[in-house]
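Working notes for the structure below.
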Amino acid sequence: LYENGIGDQRAEAIADALKSNQTLTHLFLRINHITDQGAQAIADALNHNQTLTTLDVTYNSIFNQGAQAIADALKHNQTLTTLPFGSQWAQFEAAQAITGALEHNQTLTTLNLRYNNTADPGDQAIADTIKETETPAGLPVSSNKASHSSPRAQSIGHALKYNHTLTTLRLSSNYMAAAGAETIADGLKHNQTLTTLNLGHNNIADQGAQGIADALKYNHTLTTLHLSSIDMAAEGGQAIADGLKHNQTLTTLNLGYNKIADQGAQGIADALKYNQTLIALNLECNAIGDEGAEAIAAALKHNQILTTLGLRCNNIGVHGAQAIADALKHNRTLTTLNVAYNNIADEGAMAMIDALLQNETLTHVDLGENNISFEAVEFMDVALKHNQTLIALNLKCNVIGDEGAEAIAAALKFNHTLTTLDLSRDRITSEGAQAIADVLKNNQPLTTLDVAGNSIFDQGAQAIADALKHNRTLTTLGLGYNNIGVQGSQRICDGLKHNRTLSILNLEHDQFRHEGAESFADALKYNHTLTTLDLSFNEVTAEGGQAIADALKHNQTLTTLCLKNNSIGGQGAQAIADALKHNHGLTTLYLGCTKLAVVGAQAMADALKHSQTLTTLYLEDNSIGGQGAEAIADALTGQVHRTCIQASLVTHSPICQYKETKQ
């Protein structure tokens, strides 16, 4: 029953039913504005119910009293195994109550206390309980307002030595220093159940990384380790590499956004020759040059386990790319490779493309942001004709131009596997767009195409629109930032009237003003597949807003509509608000920076009283003032509404309020 505006009275009714029901095993009440009153009723039901195994009450407004009631129920309940209790307003007293109950409870295996206000005293209670209890299996405690001294890390590290059931521990973004990581590492040497550990976005640096690396030599259960953004340099990278040589369980390792450089990468590469379990490795943004890339390439020729490798945002250059490409001719396991933003240029790209002729395992390749021109992409024609495994290719932010687009289009006529193609910001004009459009008329596998940020103008849009009338597979199309103008938008709209597959369409920054908006409004009356439409930054005025509003009264398939940064004003908002009273499909509406002012906010407030489907509404940067805020508040007062209102009233920071207004 996620997001149903249930509130306390209805929660009490559900609780009463649970006392007699003997079949229900899973109950999900997330985001339902339940407070202590409703929680106490549910807790009382747990004392009688003998079948419920999973109860999810996250994202409600349960304070210490409600938490205490649930804690008391846990002492007697003998069936509940899973209790997500995150994102409440409970404080450390609640953590103490719930963890205290675990000393008596013999069935609970998974407890989620993420995003509460437990702070250090509550975390100490959690740690003490982990030592003593034999039940919690998953315990995310991310972002619980730890202090800089990391006493929680030390407490939980000690607790890991004694606990025999915990499988997942997330401690990211907790101001943890090296000492905290070393204590966690010491716990890992003894712990035999933890499989996932996230220490990302802390300041554990090389010293902390060395502690974790040493623990990897002794630990025999950890399979997933996240160490991104921990301020680790080459020394820490080499230590982790040494740990990998001895570890035989780790399958996923994230070291992104550190500075291990060539020296650290060489260590990791050497470890890959010995390690027989790692299947996913992320090394993005690590200052790795061609020497580090060459070492990794040499390892790939021998490693037969790794399937995913992320090298984005390094500086491997031409030589590094050539080395990786040569390795791909021998490697038989890698399926996903990301070398975007590495300055590999044409020479490196040609080597990669040549490798695709021989490689038979790669399915996802990202070559974006590499200054690749059409001279390299011309070779793609041959590669894609012969390659039968690649399903996703990213070439965004290069300089392939029309000739490159034409080469890719020619290859697509014969390729039968590629489903996702990103050619955004590639200096393609209407000529290249026409070549791509011609392929779309007959191509069968392609489902996602992004050509945003080019210069296809109205002629290119016309060609793509004509292709949409014939294409039967494309579901996602990005055309934003192409200046297609009024005529181009009208052509696209004509294509939408005939197309039966497209579900997501992005046309932001395309300068079609209210005339284009009116065309889209007309198309929406006929199209029954589009679910997401982005018309932001298009100089749409009140007239366009009124036309779209009229379409919303008829269209029942569109679920997400983005009109941000237009000029629909109060008049356009009033029309849209009126349409929302009749529309039963729209769930998300973006109206940020649309000059709504007080009148528009009041109109949207009135719509909120009647809409039965809208769950997310963005109103930031609209100068709605105190009167507009009062109108929105009045719409929410007296009813438990499930809409997340985002409004910049005083600052530019969004306010996301899930609680009842009276609180």
Side-chain angles (χ1 to χ4, degrees), residues 1-2 4 6 8 10-90 93-116 118 122 125-141 144 159 163-170 193:
L1 294 169
Y2 283 175
N4 267 292
I6 287 172
D8 288 332
R10 297 185 184 89
E12 288 172 343
I14 291 171
D16 187 56
L18 287 177
K19 293 179 181 179
S20 55
N21 181 283
Q22 297 301 315
T23 56
L24 197 69
T25 59
H26 294 66
L27 178 59
F28 302 91
L29 296 173
R30 178 181 298 194
I31 314 177
N32 268 302
H33 310 285
I34 298 170
T35 69
D36 284 346
Q37 181 182 339
Q40 288 170 329
I42 291 170
D44 184 52
L46 291 178
N47 290 326
H48 302 83
N49 183 280
Q50 297 300 314
T51 57
L52 206 64
T53 60
T54 299
L55 174 63
D56 185 349
V57 289
T58 52
Y59 289 102
N60 282 293
S61 302
I62 301 173
F63 289 76
N64 290 337
Q65 283 183 300
Q68 181 67 61
I70 289 176
D72 289 339
L74 289 178
K75 296 177 182 179
H76 307 286
N77 182 280
Q78 297 301 313
T79 57
L80 206 64
T81 61
T82 302
L83 177 61
F85 193 76
S87 299
Q88 309 289 356
W89 295 90
E93 292 91 343
Q96 290 174 321
I98 289 179
T99 54
L102 291 179
E103 296 175 13
H104 304 278
N105 182 282
Q106 298 300 313
T107 57
L108 202 67
T109 60
T110 301
L111 174 63
N112 182 348
L113 297 175
R114 182 185 296 178
Y115 295 112
N116 284 293
T118 60
I126 294 169
D128 290 342
T129 303
I130 292 175
K131 289 182 184 180
E132 298 166 7
T133 185
E134 293 294 322
T135 53
L139 183 60
V141 290
N144 273 322
N163 180 273
H164 302 294
T165 54
L166 195 70
T167 60
T168 301
L169 179 60
R170 301 185 183 97
T193 56

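In what follows, every heavy atom counts, from backbone to side chain, and hydrogens, waters and symmetry copies are set aside.
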Taking all non-hydrogen atoms of both residues, which atom of Glu12 and which atom of Ala41 are closest, and how far apart? CG-CB, 3.7 Å
Scanning both residues in full, the closest heavy-atom pair of Ala43 with Ala73 reads O-CB, 3.3 Å
Quick one: are Ile42 and Leu27 in side-chain contact, heavy atoms under 4.5 Å? no
In terms of heavy-atom contacts, Asn49 and Leu18 come closest through ND2-O, 2.9 Å
Look up atom CD1 in Ile14 and atom CD1 in Ile34, then write down how far apart they are to the nearest 0.5 Å. 7.0 Å
What heavy-atom pair brings His48 and Asp44 nearest, and what distance separates the two atoms? ND1-O, 3.0 Å
His76: what forms a side chain to side chain contact (heavy atoms under 4.5 Å, CB included) with it, not counting sequence neighbours? Asn47
Taking the side chain as C-beta and beyond, is there a heavy-atom pair between His26 and Thr53 under 4.5 Å? yes
How long is the straight-line distance from CG of Leu80 back to OG1 of Thr54, given to the nearest 0.5 Å? 7.0 Å
Nearest 0.5 Å, what's the CG-CG distance between Leu74 and Asp72? 9.0 Å
What distance do Lys75 atom NZ and Leu46 atom CG have between them, rounded to the nearest 0.5 Å? 14.0 Å
On a heavy-atom basis, the closest approach of Asp36 and Phe63 is OD1-N, 2.7 Å
Residues in side-chain hydrogen bond (donor to acceptor under 3.5 Å, both in side chains) with Asp56, at least two apart? Tyr2, Arg30, Thr58
My understanding is that only residues two or more places apart in sequence, or in another chain, count here; which of them pass side-chain hydrogen bond (donor to acceptor under 3.5 Å, both in side chains) with Gln65? none
Any side-chain to backbone donor/acceptor pair from Thr193 onto Thr167? Under 3.5 Å, distance only. no
Grab the two heavy atoms, one from Ala39 and one from Gly66, that are nearest each other, plus how far apart they are. CB-CA, 3.8 Å
With a 4.5 Å cut-off on side-chain heavy atoms, are Asn60 and Asn32 touching? yes
Residue list, side-chain hydrogen bond (donor to acceptor under 3.5 Å, both in side chains) with Gln40, at least two apart or on another chain: none
Is it the case that the side chain of Thr35 and the backbone of Ser61 share a donor-acceptor pair, with hydrogens and angles ignored and the cut-off at 3.5 Å? no
